[in-house]
Amino acid sequence: MNISIKTISYNQLFWFIIALAAFLRCYHLDFQSIWVDELHTMIEANPAISFKESIDLILYREGIPPFYFFIIKTLFSGFGYTILIARFFSVLVGLWAVYGIYKLTSEFVSEKWALLAALFMAIHPFLIEYSQEARTYMLYMTLTIFMYLHLVRYIRDTSYTSLLLFSFFAGLSVNAHVIGLLNVGTAFGILGLNWIFSSTKTQLFKQLMVATLCFVLVSIPIFSTLKSVASYTSFWILKPTLPYTVEVFTTLFGESIWFLALFLVFYGYYIVTFSKQIKSIPKEKRRNYPELQLFILLNLWIWIPVGIIFIKSILGVSIVLHRYFIAIIPAFVIILALAIKALNKIKIQRFLVYGLSGFILIHFIFVRKYYTTITKAQYDKIAQYVIENNDSKHNIVSNWGWLMSYYFNSSNGLFSIERNLDDYLSAMRQNQVPQTSFWYVDGNSRTFQVSAENQAYLEANFEILNKKEFHDCWAVELKSKNNSNLYLTLQQFNPSQFDGSGAMIFVNNMKSKYPSFTLEPGTYTIKISGRSLPEQPINGENAHFNVYINGKKAGSIYLSEKTPNTPIEFEYVHSGGNIAMELEYDNDFGQNGLDRNAIINTIQWNKK
């Protein structure tokens, strides 16, 4: 086989770029702790739960379709349930993106400049960072690249193979993230423009309909997510002020304002030189001029999604978030390569390639110290500290309580409750949760802060012990000063169900038993705090419970539908020894779309 030295050189350079990209993405892959969004991935893709349970969690907790989570769930089942497996998938997808941008750029310019675009993809700081995260964004961006690749190929060859591949990748991209609809809309807009200027409108219209149908079929799984996202009336993302916008785009360029400024210079130069170049092309030849096609593609790829995101964010709920722009970064790197190509002076081109590459890597590795600086909240370390110091198995309360269940669960006998500290103390003052010792865990820039009223209650009833901080997270043990009352840990009832606040819920008739415990002889007041649902009693009757102690009926109670309400009390005379307590909910009932249910907040034994 006769292969030229040039071809061998380019092949070797391509694999060098892939190897460099792999090294930059794999190095210190497990250095950062699992951050909040990655905890979502770990819980929602848990291989121990069913696919239906995963879907329910994803719809409730995410604004992202289940496609990515199903991939990770499958990988967990085959290779192990660890964060490294999830992150390594992002590494592989990131390498696929480097290959994709090489192939896309090769459709328009020579291999040399396609390799330069691939190099910029390989060393782009934002892409390295997101190739090390167990989230869907790298997959979404990569699928977008291949959607545009097959769009370009279809426009040139009008084959059904290219058309179906375009539709397939378009559908997968929105399955990776619904924000991909902006890119898909842009791509179909380009198809529409191609149809308008085509001489074979009938054939292309049929193909356009086929593409639309195929896209819709592949996109069916996102409909539930779209419905959920469309119902959002508020979101935590800031409105797009000028300082915030600069911050967002600086983050996209590796947290370097200089890299952003350099890109804008290169972008301006690219536009100016292209404008001069296109004027020299006869009008009748411009439509098929590859670099004009690329110019239109790149600018529509960038500005339609950016424009829609900003207009939507100004007029309604803001979605201006740096990672939502990740799919336009490939267009940026192609523009960088084309701007350097336009210089037409080899020495200057080499200087810029080496200088820009060196600048990006030096800033990323040595200025930002990306591989040696902890930037993610260390919830794994704070959780381990709590586990090691929580010998009494007190509940853990956290604003991130549901996410903390990844660390606190049946494997260590601990339970996490999703509630912020101020709300939990307010509920405690209203007897909605037990006044018992507990741990509080928080982070992500959230500090220890409660109202003046709750601060006074805290100081009067608790000792603050075992304060501990790690990067962007902290924990504190709050030990109750009230040792005369015994609060039962509701999570130890079996069988049982709970809401996000840690309250036990009853939706069907059932008996629930508490593990045996020992009390001294004496007369005890049993206090049960709870609530009957719905707010209006059905047929004038609220939720009813029988209370059994050591196999005998000790009480019969009806819960109030009001909140807050006074705990229901009854006395029990104990001769000493073990106590075996059972709750029996016995009047579940439904009528006219209403269902009688019950919530138990606290169960307390007080010795007289």
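Only a predicted model underlies this, so the values are computations on that prediction, with no experimental measurement involved. Heads up: numbering here begins at 1 and tracks the sequence.
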Only one of E53, E418, E44 passes salt bridge (charged side-chain N to carboxylate O under 4.0 Å, His left out) with R61, and that residue is E418
Just by distance, with hydrogens left out, do D380 and S33 show a side-chain donor and acceptor under 3.5 Å apart? yes
Qualifying residues under side chain to side chain donor-acceptor pair (under 3.5 Å), relative to E255, sequence neighbours excluded: none
Is the number of heavy atoms from other residues, nucleotides or ligands within 6.0 Å of OH (Y232) greater than 12? yes
May I have all residue pairs that pass side-chain hydrogen bond (donor to acceptor under 3.5 Å, both in side chains) and include part of residues 86-96, sequence neighbours excluded? E38-R87
Greater than 12 external heavy atoms within 6.0 Å of F295's CZ: yes
Considering residues, nucleotides and ligands other than F366, do more than 12 of their heavy atoms fall under 6.0 Å from its CZ? no
Quick one: which of F364, F120, F259, F126 gives a ring-ring contact (aromatic ring centres under 6.0 Å, His included) with F253? F259
Aromatic contact, F51 with F70 (centres under 6.0 Å): yes
Side chains of W439 and N395: any donor to acceptor distance under 3.5 Å? no
Heavy-atom pair of closest approach, residues V441 and M404: CG1-SD, 4.2 Å
Please check if atom OH in Y99 has more than 12 non-hydrogen atoms from other residues, nucleotides or ligands closer than 6.0 Å. no
Can you confirm whether the side chains of D442 and Y440 place a donor and an acceptor under 3.5 Å from each other? yes
Does any part of the side chain of V93, heavy atoms only, come nearer than 4.5 Å to the side chain of L143, both counted from C-beta? no
Measure centre to centre between the rings of Y148 and F166, then say whether the value is under 6.0 Å. no
With sequence neighbours excluded, residues passing salt bridge (charged side-chain N to carboxylate O under 4.0 Å, His left out) with R25: none
Are side-chain N/O atoms of Y424 and N454 paired as donor and acceptor at under 3.5 Å? no
Exercise: do T373 and R368 side chains pair donor with acceptor under 3.5 Å: no
Side chain to side chain contact (heavy atoms under 4.5 Å, CB included), that's the test. Do F69 and I64 meet it? Break it down for me. CA-CA 9 Å; F69 301 95; I64 300 172; 3.9 Å; yes
